[in-house]
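Worksheet: the structure to be examined is printed underneath.
Position 1 is the first residue of the sequence, and the numbers go up from there. Only heavy atoms go into these numbers, but all of them, side chains included; no hydrogens, no water, no symmetry mates.
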Amino acid sequence: MRKKKIKLDNFELKIIIKSLNEMRNNLLKELKSTDVVDELLLRYITILEK
């Protein structure tokens with residue numbers, strides 16, 4: 001499978017991170033696994049820190 005790249009500015013990245021964090025919180029409330037969301041959060045947070 002070919003990876004696609006999109007360019008995001010810091011504002012857009014922050015929106016993605018906030019949305020993922022909200023999703024993670026909802027999963028935690030439902031006692032469901034957050035592994036996939038955690039991985040994505042780490043990926044986007046790392047990009048934002050660069």
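Grouping the Ile, Leu, Val, Met, Phe, Trp and Tyr side chains by contacts below 4.5 angstrom, directly or via other members, places Val37 apart from Ile15. Transitive grouping of hydrophobic side chains (ILVMFWY, heavy atoms separated by less than 4.5 Å) brings Ile45 and Ile6 into a common cluster. In the hydrophobic clustering of this structure, Leu28 does not group with Leu41; members are Ile, Leu, Val, Met, Phe, Trp, Tyr whose side-chain heavy atoms approach within less than 4.5 Å, directly or through other members.
Judged as a side chain to side chain contact (heavy atoms under 4.5 Å, CB included), and not counting sequence neighbours, the contacts of Ile16 are Leu8, Leu20, Tyr44. Partners of Lys32 according to the salt bridge (charged side-chain N to carboxylate O under 4.0 Å, His left out) rule, which considers only residues two or more places apart in sequence or in another chain, are Glu30.
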Stepwise, does the side-chain contact (heavy atoms from CB on, under 4.5 Å) test hold for Leu40 with Arg43? CA-CA 5 Å; Leu40 287 170; Arg43 190 177 300 172; 4.3 Å; yes
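Without hydrogens or angle criteria, Glu12 side chain to Asp9 main chain gives a donor-acceptor distance under 3.5 Å.
Between Asp38 atom CG and Asn21 atom CG the span is 9.5 Å, to the nearest 0.5 Å. Rounding to the nearest 0.5 angstrom, the gap separating the CZ atom in Arg24 from the CG atom in Asp35 is 9.5 Å. Between the CD atom in Glu39 and the OG1 atom in Thr34 there is a gap of 10.0 Å [rounded to 0.5 Å].
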